[in-house]
Protein chains: 2
Amino acid sequence: MQEKTRRARRLPREVRERQILDAAVEVFSANGYHAASMDEVAEVAGVSKPMVYTYLGSKEDLFAKCIRREAKRLLDAVAAGVDTDMTPDMQLWSGLRSFFSFVGDNRSSWLVLHRQALSVGGSFAEEISQMRARSIELVAAVVVATGTKQGIGEEAEKSAEGLAAALVGAAESLAVWWLDHPDVSDGLLASWLMNLVWLGFGDLVKGEVWTPNFPATT
Amino acid sequence: MQEKTRRARRLPREVRERQILDAAVEVFSANGYHAASMDEVAEVAGVSKPMVYTYLGSKEDLFAKCIRREAKRLLDAVAAGVDTDMTPDMQLWSGLRSFFSFVGDNRSSWLVLHRQALSVGGSFAEEISQMRARSIELVAAVVVATGTKQGIGEEAEKSAEGLAAALVGAAESLAVWWLDHPDVSDGLLASWLMNLVWLGFGDLVKGEVWTPNFPATT
DNA sequence: CAGTAAACCTACCCGCGAGTAGGTTACGGG
DNA sequence: CCCGTAACCTACTCGCGGGTAGGTTTACTG
């Protein structure tokens, strides 16, 4: 009844901090910030509560550290897959694949970032919003790059950020949808989005536009 | 120093319930479920705490009633703008316009539904998720309808639900983006999405597909 | 102009969970 | 082999906020 040296004891601080952060991400993602208790985090981490406080600080501190670590991991994962030398469509494709791949491998991270971080008012929400806004701007830059190369109109360029926001949201939504439909590969998800969105962009560039065939448009 | 009859007193239950629900939506949207206190709801509603309990029940009850009321309002608003006799593209267009219009007029409702409802684990999350799933299915039906009319391939049809999820997410994301960029009309937002997505759908139907020009596709 | 029912309030209880005081045990260096 | 320090724990305090007991006031009703 003692699998691995009976009880892993006296581990260096560095290791414990990692364990506690891992546990915290798990607990926060499962229950949400407010519903999560420090006792539970401590228990999941296999550690007593004062350890959590001495190593990671208050509950807010702990949550902030979770958010920042997971956000960095996600951004790094996406950045690692994207090479700015690639053509815009390949950049989008690679970014999407990296994104979905990360989400598939790190559900808890994704849930914390997507669901919890925004619902906790205050500085967290702002921090996450800014990070998301930066992602949107990066995507917008890719969209604009494509457009200007092919002589896009100012009208479309003005809307680039909106379109980018839509694309980012579409990817996030697909990631959530994926949780309920796991029998799809990350690559397939990414190609769906590319087919849906890129051809839309392409037609915009060609000057094609969809218009409602009724006059009323407030 | 007494604007309207000094103090609105002894109002019928029906009216008070509305006021309390309005206040609750406001408070929940601003602070999130857990951070919101019943005292604050009572104060915003201009009523004492026991009133809230006798009329609307526990905090969970109150939240559930908020969610259901606002969800119904949103769905009704969208449904009112969509006529199933219309062509699929017009249905999407009308639905999007109604959606953005509602969000513009009811920020708190939208925030509660979008941000808070999911982060409160348990039955609420499930309820909201199901509502969202139904919306996605409706959109998917429109997509499929278009496709089959024009002889869409099975492959694309299989992915219709995923595409619908992406579209719904795109709309939600645009709605959030809108909060920071209010100098855009709801109609413009809807037309952006239609241009982006519909032309994408259209090309899919025509058999055009975007493919990565590298072999690796897990 | 009672009397009754519904609207409404003040003032409290109490459990849960954030945060801490103060000690105990094991490892590493001399 | 012993001592210092870093790892670690048990056992608390205490305030916040969900929920309620029990009474008071106003409006309608005959």
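Letters A, B, ... mirror the listed sequences (proteins, then strands); counts begin at 1.
Taking side-chain N and O atoms only, A:R16 has a distance below 4.0 Å to OP1 or OP2 of D:dC8.
Counting to the nearest Å, the P atom of D:dG19 and the CG atom of B:D61 are 9 Å from each other. Residue A:E40 contributes atom CD, which lies 14 Å from atom C1' of C:dC16 at whole-angstrom precision. Spacing between atom CD of B:E43 and atom C1' of C:dC9 amounts to 15 Å, rounded to whole angstrom units. Going from atom CG of A:D39 over to atom C1' of C:dA18 covers 9 Å, rounded to whole Å. Between the P atom of D:dG19 and the CE atom of B:M38 lies a distance of 6 Å, rounded to the nearest Å. Look at NZ on A:K59: it is 17 Å from C1' on C:dT20, rounded to the nearest Å. Between B:E17 atom CD and C:dC8 atom P there is a gap of 11 Å when expressed in whole angstrom units. Atom CZ of B:F63 and atom P of D:dG18 are 13 Å apart (whole Å).
Aromatic ring centres of B:W198 and B:W93: separated by at least 6.0 Å. Here A:W210 and B:F201 keep their ring centres 6.0 angstrom or further from each other.
Ranked by how close their nearest DNA chain D nucleotide is to the 5' end, A:Y55 and A:K49 are led by A:Y55.
A salt bridge is absent between A:K49 and A:E43; no separation between the charged side-chain nitrogens and carboxylate oxygens falls under 4.0 Å. The pair B:E127-B:R68 counts as a salt bridge, with a side-chain nitrogen and a carboxylate oxygen less than 4.0 angstrom apart.
In this structure, the nucleotide among C:dC8, D:dG19, C:dA18 sitting nearest to the side chain of B:M51 is C:dC8.
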Where do N or O atoms of nucleotides 22-25 of chain C meet protein N or O atoms at under 3.5 Å, pair by pair?
| from | atom 1 | to | atom 2 | distance (Å) |
| --- | --- | --- | --- | --- |
| C:dT25 | O2 | A:R10 | NH1 | 2.3 |
| C:dT25 | O2 | A:R10 | NH2 | 3.3 |

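The distance from the CG atom of A:L21 to the SG atom of A:C66 is 5.0 Å, given to the nearest 0.5 Å. Distance check: B:S159 OG to A:L193 CG gives 10.5 Å after rounding to the nearest 0.5 Å.
Counting any heavy atom pair closer than 4.0 Å across all strands shown, B:A36 reaches sugar-phosphate atoms only and no base atom. Among the heavy atoms of the strands lying under 4.0 Å from B:S58 are primed sugar atoms or P, OP1, OP2 only; no base atom is included. Residue A:S48 is classed as a base contact, given a heavy-atom separation below 4.0 Å to a base.
Counted within 6.0 Å of CZ on B:R13, heavy atoms from surrounding residues, nucleotides or ligands total more than 12; the atom is thus considered enclosed.
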